[in-house]
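Here's the structure, in structure tokens; my notes come after.
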Amino acid sequence: MGNKDHNKNSGKDNKECKENKNGKEEKKEAQEKQQDKEKHRDERIEEVGQITLDENEAQHKIHLITIIGEIEGHDNLSSTSKTTKYEHILPQLAAIEDSKDIDGVLILLNTMGGDVEAGLAIAEMIASLSKPTVSLVLGGSHSIGVPIAVSTNYSYIVPTGTMVIHPVRMNGMVIGVQQTFDYFRQIQNRITGFVCEHCKISKTRLEELMMETGVLTKDVGTILVGNEAVEEGIICEVGGIKDAVAHLHDMVDKKKADTK
């Protein structure tokens, strides 16, 4: 009788020990999985400034893209410059459009502008996405950063954020013939046409801001700060990250409700 009780208790202890061991292994495995996930997120942020926000209560998967520094075109900039490479952004936007898991896109901008062709390419890609998109101007979104800022479904700017509106400029040697000026005008029309199509400002008013001579000391153009960009009809609203994320979630919910 005593031996039976002893064997029974021994078997019970072995079972509990095995369960505890399995529990510890599962906990360790979960911790390692979480560490790998965090490491992967950190690497993506460091390499391309992108991350997927998927820990919200609504369980929406929001892809975050940052447009920072100078927008790099066909030529590589110096290694000391902060750049946004369009060859990183364009494939990612295509992958977002193709993904059934991504619900929306948040664009954070703090850019001095850069290559016109690359900037317009990014803006056109964002504008043609079927997923809900929101942009937030932090610090500044100057020059070719303006079309990118207005390319989303809705746009925000922080109170101290700035936008510099100026004509097309070109570095290097310029041939002083009529064809060169016609080419400049064509590029300018492409930019103004896109901006006016995706926000409320008129082409006449946008060109007035571009050609303003009393604001910039070494150039023509206009600096718009925070609410001024909203008053001109370029940006939709003044707000911060809380407002941008909340509005994007609302847009995702609305789209899901409409597709049911």
Side-chain angles (χ1 to χ4, degrees), residues 65 67 70-75 84-87 89-90 93-94 96-97 105 107-137 140-157 161-172 174-175 177-213 215-216 219-225 227-237 251:
I65 295 177
I67 309 292
E70 188 169 354
I71 298 169
E72 191 176 78
H74 305 303
D75 297 323
T84 295
K85 300 178 184 296
Y86 79 109
E87 66 266 30
I89 302 295
L90 299 186
L93 290 171
I96 289 168
E97 178 62 28
V105 183
I107 312 287
L108 300 183
L109 296 111
N110 187 10
T111 175
M112 60 185 290
D115 187 274
V116 170
E117 300 288 346
L120 276 179
I122 294 171
E124 289 283 12
M125 282 283 282
I126 295 171
S128 63
L129 289 173
S130 63
K131 310 292 175 77
T133 55
V134 170
S135 65
L136 173 61
V137 176
S141 184
H142 310 318
S143 189
I144 201 62
V146 176
I148 299 176
V150 304
S151 65
T152 53
N153 300 130
Y154 203 83
S155 57
Y156 286 91
I157 186 171
T162 59
M163 305 186 82
V164 175
I165 317 293
H166 66 72
V168 171
R169 294 177 298 197
M170 186 173 290
N171 295 326
V174 175
I175 301 173
V177 295
Q178 185 60 44
Q179 290 89 335
T180 299
F181 297 109
D182 290 342
Y183 177 61
F184 271 39
R185 189 178 298 109
Q186 183 186 53
I187 297 174
Q188 192 68 63
N189 288 337
R190 289 166 61 199
I191 297 171
T192 56
F194 182 92
V195 172
C196 295
E197 186 179 345
H198 291 85
C199 67
K200 296 177 181 178
I201 194 169
S202 67
K203 184 178 180 181
T204 302
R205 179 55 181 159
L206 183 60
E207 289 176 347
E208 286 177 0
L209 294 174
M210 286 180 173
M211 299 304 173
E212 174 64 47
T213 58
V215 178
L216 302 178
D219 198 359
V220 292
T222 303
I223 301 174
L224 300 175
V225 182
N227 196 54
E228 293 175 348
V230 178
E231 291 174 350
E232 292 289 354
I234 296 175
I235 298 295
C236 298
E237 191 176 338
M251 291 171 67

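What you see is a predicted model; the values in this text were computed from it and never measured.
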Open item on the list: Can you pull out every side chain to side chain donor-acceptor pair (under 3.5 Å) where at least one residue sits in residues 126-135? Sequence neighbours excluded, please.
Closed with: Glu97-Ser130, Thr133-Asn153, Ser135-Thr152

- [ ] Could you pull out all residues at least two apart from Glu117 that satisfy salt bridge (Lys or Arg N to Asp or Glu O under 4.0 Å)?
- [x] Arg190

- [ ] With sequence neighbours left out, write down each residue that passes salt bridge (Lys or Arg N to Asp or Glu O under 4.0 Å) with Glu72, or none if nothing qualifies.
- [x] Lys85

TODO: Sequence neighbours left out, what passes side chain to side chain donor-acceptor pair (under 3.5 Å) with Asn189? Give chain and number order.
DONE: none

TODO: Not counting sequence neighbours, which residues clear side-chain contact (heavy atoms from CB on, under 4.5 Å) with Ala121? List them please.
DONE: Leu90

Task: By side chain to side chain donor-acceptor pair (under 3.5 Å) - contacts of Glu231 (at least two apart) - done: Asn227

TODO: Write down the atom of Ser202, the atom of Cys196, and the distance for their closest heavy-atom approach.
DONE: C-SG, 3.7 Å

Open item on the list: Suppose we screen for ring-ring contact (aromatic ring centres under 6.0 Å, His included). Which residues come up paired with Phe194, at least two apart in sequence or across chains?
Closed with: His198

Open item on the list: Tell me the closest heavy-atom pair linking Ile234 and Cys199, and the distance in Å.
Closed with: O-CB, 3.4 Å

TODO: Compare all side-chain heavy atoms of Ile148 with those of Ile71 and state whether any distance is below 4.5 angstrom.
DONE: yes

Considering only distance and modelled atom types, tabulate donor-acceptor pairs under 3.5 Å from the side chains of residues 140-147, sequence neighbours left out.
residue	atom	partner	partner atom	Å
Ser141	OG	Gly145	O	2.8
His142	ND1	Val164	N	3.2
Ser143	OG	His166	NE2	3.2

TODO: For Glu228, enumerate each residue passing the side chain to side chain donor-acceptor pair (under 3.5 Å) test, keeping only those at least two apart in sequence or located in another chain.
DONE: none

Task: With sequence neighbours excluded, residues passing side-chain contact (heavy atoms from CB on, under 4.5 Å) with Met112 - done: Glu70

Open item on the list: If you apply the rule side chain to side chain contact (heavy atoms under 4.5 Å, CB included), what do you find for Ile96 with Ile65, and how did you get there?
Closed with: CA-CA 11 Å; Ile96 289 168; Ile65 295 177; 4.0 Å; yes

TODO: Only pairs at least two apart or in different chains count here, so list each salt bridge (Lys or Arg N to Asp or Glu O under 4.0 Å) that has a residue in residues 193-207.
DONE: Arg205-Glu208, Arg205-Glu232

Task: Nearest heavy atoms of Gln188 and Pro167, plus distance in Å - done: OE1-CA, 3.2 Å

- [ ] Step by step, work out the side chain to side chain contact (heavy atoms under 4.5 Å, CB included) result for Leu224 and Ile157.
- [x] CA-CA 11 Å; Leu224 300 175; Ile157 186 171; over 6 Å; no

